Undergrad: 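Please find one structure pasted underneath; my questions will follow.
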Amino acid sequence: MEYPFKEIERKWQKIWEQKRLFYVNEQDNRPKYYLLSMFPYPSGTLHMGHISNYSIADAIARFKIMNGYKVLQPMGYDGFGMPAENCAIEQNSHPKITTYQNIEKMRGQFKAIGFGYDWDREFATCDEEYYRWNQWIFLKMYEKGLVYKKSSFVNWCPHCKTVLANEQAENGYCWRCDTKVIQKEVEQWFIKITDYAEELLDHSKLGKWPQRVITMQKNWIGKSYGIEIFFKLAGSDETIPVFTTRPDTIFGCTYMVLAVEHPLVKKLKIGSQYEEEIDKFVNRIINENKILRTAKDTEKEGIFTGKYAINPVNGKKIPIWIGNYVVMDYGSGAVMCVPAHDQRDFEFAKKYNLPIRIVIQNWDKTLKLKEMKEAYIDDGIMSNSEQFDGMKSRDAIDMIYEWMEQKNIGIKTVNYHLRDWGISRQRYWGTPIPIIYCDKCGVVPVPENQLPVKLPENVQVGKTTQNPLKTASDFVNTTCPKCGGPAKRETDTMDTFFDSSWYYARFCDPKNDKMPFDKDIAAHWLPVDQYIGGIEHACMHLLYARFFHKFLRDIGLVFTDEPFTNLLTQGMVTKDGAKMSKSKHNVVDPQYIIDRYGSDTVRIFMLFASPPEKDVEWNDEGVKGAFRFLNRIWILISEKKDFLINSPTNYNEDAEISQSLKNLRYSTHHTIKKVTEDIEDRMQFNTAIAAIMEHLNNVTAFKVDENCSDIEKAIYRESVEIIPKLLSPFAPHLAEEIWEMLGNKPSIYESGWISYNEKFLIKDEILYVIQINGKIRSKITVGLNTSKEEVEKLALSDKKVRSYIEGKEIKKVIIVPQKLVSIVIN
RNA sequence: GCGAAAGUGGCGGAAUUGGUAGACGCGCUGGACUUAGGAUCCAGUCCCGAUUUAUCGGGGUAGGGGUUCAAAUCCCCUCUUUCGCACCA
């Protein structure tokens, strides 16, 4: 017989809603705990990854509630974005219609699983009341000079006439129409996240974050110290700045390479005999897929410009080349090349027969030009470097910095790998960028009181191959806020990462129509105490959100430095060792599992299968095991409830009782301790659930009946009554039901967590393991307060031990209190 | 290539501080109940070898070496896997 999970789950979901258990406010004077899971993109159905993520969060939420916190656990939807737009195109519908339909479906699923959300705070980022504040924040950033427009090269599909993200142009072909992707120069809006690079590099104000994520962010930001050196263009006053981290190699610089996009390229080629060839080369390279072009194993290619630069340290003329391996958006887009000491330059110089000059000798001074098969990139002894000769190259670096700054040929600089964030998308389903172009006034930001700039609805999505907003003439044509003359609106929309960069703050005050959120209300809830989501967001969403938070702090809206105190990155749900995906045909539909076994079973399985940070391998049999576990509990309570209700609740704690009864009581208190610590200190739910299973085994093995003594009945009752409590974070519906069956007043979440009694964890006998020369040879049981000397004496007189040590010399006896005796003999 | 993490039975995993390796669950084997079992319950289940079979010995945490009375745990080398970065000057 299966326990009636359907009725039970429906019943308690209704009661929780009636009691408004998960709705919180600022007036409530319990301490706050803000728990947030990354909100989903509304695809219409929850997948196993969501269930896993949200089950982890819900377990923590319920545990915290029982420990006296008011837990803010909100839920919403990341509604905008290309997948939603494409989904609508496929269904020949409109994204607004399909997105809100999908949200409806997902809300239904969330409620059927019984997650403890404050539904009063629900919103979607595509709600007009939400995205207007995207625009407001954008304008604040604009005011602060953090927003600018520049043209940059992007992946462009000539057939679809749209910008593609890197992952949509992976092999150089459009994911949708298989057209070869080209690089196109497009005007785009950028946000100066690099202004915050230094602060984003500081992770010291965070609580518990996975080291992995911190390292990934550090690498992504990629700080490097170096110097910008000014080279002069020969026969001109033009200066070409070049960034290097190796000024110690400057005397070995034998040529210079510019990126194809470098502004100087156009100037240099004019009047040059190479002009035509340069044009051909530059056009070819510029149109190549940028990811492929800048991959390490792509062959280096270049072309001579016919012009020269002057190496400022020795006045030598060096040829200026243009090359495919130099990127425009790092440093200055120009590099000084030292082929002897840089592998890329070495390969390039070999290919094009450019001079190579050793300026750093290895420690044996045996480096010879003719024998070099690769660049010598290590430290060494300075040579061919005039006054620096003979110094250790590492020591020379600082001296050269100083020397160059004194001579005004360079400035010490810090460079970051992090680039400014391009937020323009030539797509419909996103937040309109609140900018107006006026022929007279130029670029004019939309005044605050004219927000929101509404996304027009009467746009035929997918019917055009250009940015759909361009076809909405009612939208595009407007009047200039400054001069009142005719003007045009910006038709690009925002990257959806903009939306998700501050949603955690909106949840604090989701209905506010005067501000993104009230700063005092937000101060009450922020920062998020525990954030939970996938590691794939390490360098995107999590970095953007940290940046936003610092910006919001700088404009006085929040008062902390970091948005998320603790971060938990949960693993994926896999099947047959691979991430579930339609193309691999290994998707398991959570709805089917929930219909068959119930929400509690799915939660227990997910949490029990592995620790939260690790991947969970889906296993049909494992789900049955989880279901079996819950059934065993149900049967136990059903059979014993009358007996239990009639059993006494109190007993004399100091009474002498049998060993088996002592063991049961030990199991009870030990399990409370184990489960509490596993959740609180370690967030390791698999071992917590294992401990409950073990305890259940102990309880069912203990036979009771009407003839038992009162004290037996009382200890047995206690051992059963902790089960609903310990189960409440993981299988909430069943926990409530059996809690009620045992004669308690609902809800269990209003009843508080349980504590254990240290007294019952003390065993009156201690088992000592006896090792002889490192091997376990015997075990002895001694009284609790047996002294070290006594334990040693008992161990040495143990029959088995004696047979081993007879006639041997005892060299050493080590006693680890409460644990073991280690005897060393020869 | 660089960086990080990990590697434990047939499987998922446990061992929290260097102290009884394999908790808990799945699967499997045997048994009970049964018209039936894909339900439930009971027993067994790391490998090898003995045996008096409710016993004993040996081996064992990717492989090799080391530190220690004692290593899955600490150190060194090798291999494998996963993840991240990848011409960043």
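Values reported hereafter were calculated over all heavy atoms of this structure, with side chains retained and with hydrogens, waters and symmetry mates removed. Here the structure is a predicted model, which is why all the values come from computation and not from measurement. Below, chains carry the letters A, B, ... as their sequence lines are ordered, and counting in each starts from 1.
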Undergrad: Tell me, please, which residues at least two apart from A:Glu2 pass salt bridge (charged side-chain N to carboxylate O under 4.0 Å, His left out).
TA: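 Scan of A:Glu2 (salt bridge (charged side-chain N to carboxylate O under 4.0 Å, His left out), adjacent residues dropped) gives A:Arg596.
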Undergrad: If you compare all heavy atoms of A:Ile240 against all heavy atoms of A:Ala309, which two are closest, and at what distance to 0.1 Å?
TA: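 Scanning both residues, the minimum pair turns out to be CD1-CB, 4.5 Å.
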Undergrad: For A:Lys800, answer base if it contacts any base atom (sugar-phosphate contacts may also be present), sugar-phosphate if it contacts only those atoms, and nothing otherwise; contact means non-hydrogen atoms under 4.0 Å.
TA: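 If one applies the 4.0 Å heavy-atom cut-off, A:Lys800 turns out to touch the sugar-phosphate alone, with no base involved.
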Undergrad: Base, sugar-phosphate alone, or nothing: which one does A:Ile776 contact when heavy atoms must sit under 4.0 Å apart?
TA: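 Touches sugar-phosphate only.
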Undergrad: Counting any heavy atom closer than 4.0 Å, what does A:Val824 reach on the DNA or RNA strands: base, sugar-phosphate only, or nothing?
TA: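 Sugar-phosphate only.
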Undergrad: Surrounding CG of A:Leu206 (heavy atoms of other residues, nucleotides or ligands, distance under 6.0 Å), is the total greater than 12?
TA: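 Result for CG/A:Leu206: enclosed.
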Undergrad: Hey, is A:Arg284 close enough to A:Glu301 for a salt bridge, meaning N to O under 4.0 Å?
TA: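 Result for this pair is yes, salt bridge flagged.
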Undergrad: Check the pair A:Leu418, A:Trp220 against side chain to side chain contact (heavy atoms under 4.5 Å, CB included), reporting the backbone distance first and the verdict last.
TA: CA-CA 6 Å; A:Leu418 183 73; A:Trp220 186 259; 3.7 Å; yes
Undergrad: Specify the residues of residues 242-265 of chain A, ordered by number, for which at least one heavy atom lies under 4.0 angstrom from an atom of RNA chain B.
TA: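 Within this stretch, A:Phe243, A:Thr244, A:Thr245 sit under 4.0 Å of the strand.
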Undergrad: Checking all strands, does A:Lys674 fall into the base, sugar-phosphate, or nothing category for heavy-atom contacts under 4.0 angstrom?
TA: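 If one applies the 4.0 Å heavy-atom cut-off, A:Lys674 turns out to touch a base.
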Undergrad: Can you tell me which stems RNA chain B forms when a stem means 3 or more consecutive Watson-Crick or G-U pairs under 3.5 Å?
TA: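 B:1-7 with B:79-85, B:10-12 with B:24-26, B:27-32 with B:40-45, B:46-50 with B:55-59, B:62-66 with B:74-78 - these are the stems of 3 or more pairs that involve RNA chain B.
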Undergrad: Tell me whether A:Ser52 contacts the main-chain N or O of A:Met48 through its side chain, where contact means a donor paired with an acceptor under 3.5 Å.
TA: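 Here the side-chain-to-backbone pair does not exist.
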Undergrad: Students often get this wrong, so: under 4.0 angstrom with heavy atoms, is A:Leu767 touching a base, only sugar-phosphate, or nothing?
TA: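 Answer is base: heavy atoms of A:Leu767 come under 4.0 Å of a base.
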Undergrad: Any base atoms under 4.0 Å from A:Asp329, or only sugar-phosphate, or nothing? Heavy atoms, all strands.
TA: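 Counting heavy atoms under 4.0 Å across all strands, no contact is made by A:Asp329.
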Undergrad: What integer number of Å spans the P atoms of B:A21 and B:A72?
TA: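 Between the two P atoms, the distance is 8 Å.
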Undergrad: Work out how far the P atom of B:G9 is from that of B:A89, and round it to whole angstrom.
TA: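 These two P atoms come out 43 Å apart once rounded.
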Undergrad: Please set out all donor-acceptor pairs under 3.5 angstrom arising from side-chain atoms of residues 808-820 of chain A, sequence neighbours excluded.
TA:
{"unit_1": "A:Glu809", "atom_1": "OE1", "unit_2": "A:Asn826", "atom_2": "ND2", "d": "3.4"}

Undergrad: Are more than 12 heavy atoms, taken from residues, nucleotides or ligands other than A:Lys351, located less than 6.0 Å from that residue's NZ atom?
TA: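 More than 12 heavy atoms, drawn from other residues, nucleotides or ligands, come within 6.0 Å of this atom.
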Undergrad: Could you tell me whether A:Lys300 sits above the aromatic face of A:Tyr325, with NZ or CZ closer than 6.0 angstrom to the six-membered ring centre and within 45 degrees of the axis?
TA: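 Here A:Lys300 passes the 6.0 Å and 45° test against A:Tyr325.
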Undergrad: Under 4.0 Å from any atom of RNA chain B, heavy atoms only: list the residues of residues 600-613 of chain A that qualify, in numerical order.
TA: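 Output list: A:Phe608, A:Ala609, A:Ser610, A:Pro611.
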Undergrad: Contact class for A:Gly331 (heavy atom, under 4.0 Å): base, sugar-phosphate, or nothing?
TA: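 Answer is nothing: A:Gly331 stays at 4.0 Å or more from every strand.
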Undergrad: First and last nucleotide of RNA chain B in contact with chain A, 5' to 3', at under 4.0 Å to a heavy atom: what are they?
TA: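 Listed 5' to 3', the contact boundaries are B:G12 to B:A89.
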Undergrad: Before you tell me yes or no, could you show the steps for A:Phe304 and A:Tyr352 under ring-ring contact (aromatic ring centres under 6.0 Å, His included), namely the whole-Å CA-CA distance, both residues' side-chain angles and the distance that decides it to 0.1 Å?
TA: CA-CA 9 Å; A:Phe304 180 43; A:Tyr352 294 108; over 10 Å; no
Undergrad: At under 4.0 Å between heavy atoms, what does A:Glu621 touch on the DNA or RNA strands: base, sugar-phosphate, or nothing?
TA: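 Sugar-phosphate contact only - A:Glu621 comes under 4.0 Å of backbone atoms but never of a base.
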Undergrad: Could you give the distance separating B:C28 and B:C11 at their P atoms, to the nearest angstrom?
TA: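 These two P atoms come out 15 Å apart once rounded.
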Undergrad: Tell me what A:Lys779 touches on the nucleic acid: a base, only sugar-phosphate, or nothing, going by heavy atoms under 4.0 Å.
TA: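 Counting heavy atoms under 4.0 Å across all strands, the contact made by A:Lys779 includes a base.
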Undergrad: With sugar-phosphate meaning primed atoms plus P, OP1 and OP2, does A:Thr215 contact a base, only sugar-phosphate, or nothing at under 4.0 Å between heavy atoms?
TA: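 Nothing: the residue A:Thr215, judged by heavy atoms under 4.0 Å, touches no strand.
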Undergrad: Distance between the C1' atoms of B:G13 and B:C24, in whole angstroms?
TA: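 B:G13 and B:C24 have their C1' atoms separated by 9 Å.
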Undergrad: For A:Glu2, which contact category applies under a 4.0 Å heavy-atom criterion: base, sugar-phosphate, or nothing?
TA: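 Nothing, no nucleic acid heavy atom in range.
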Undergrad: Check this for me: does any side-chain nitrogen of one of A:Glu347 and A:Lys350 sit under 4.0 Å from a carboxylate oxygen of the other?
TA: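 Salt bridge absent between A:Glu347 and A:Lys350.
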Undergrad: Taking the P atom in each of B:A71 and B:U16, what is the distance between them to the nearest angstrom?
TA: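 About 16 Å, rounded to a whole number of Å.
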Undergrad: In whole Å, what separates the P atom of B:U53 from that of B:C42?
TA: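 Rounded to whole Å, the distance is 27 Å.
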Undergrad: Kindly check if the number of other-residue, nucleotide or ligand heavy atoms within 6.0 Å of CD (A:Glu765) is above 12?
TA: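 Buried by this count: over 12 neighbours within 6.0 Å.
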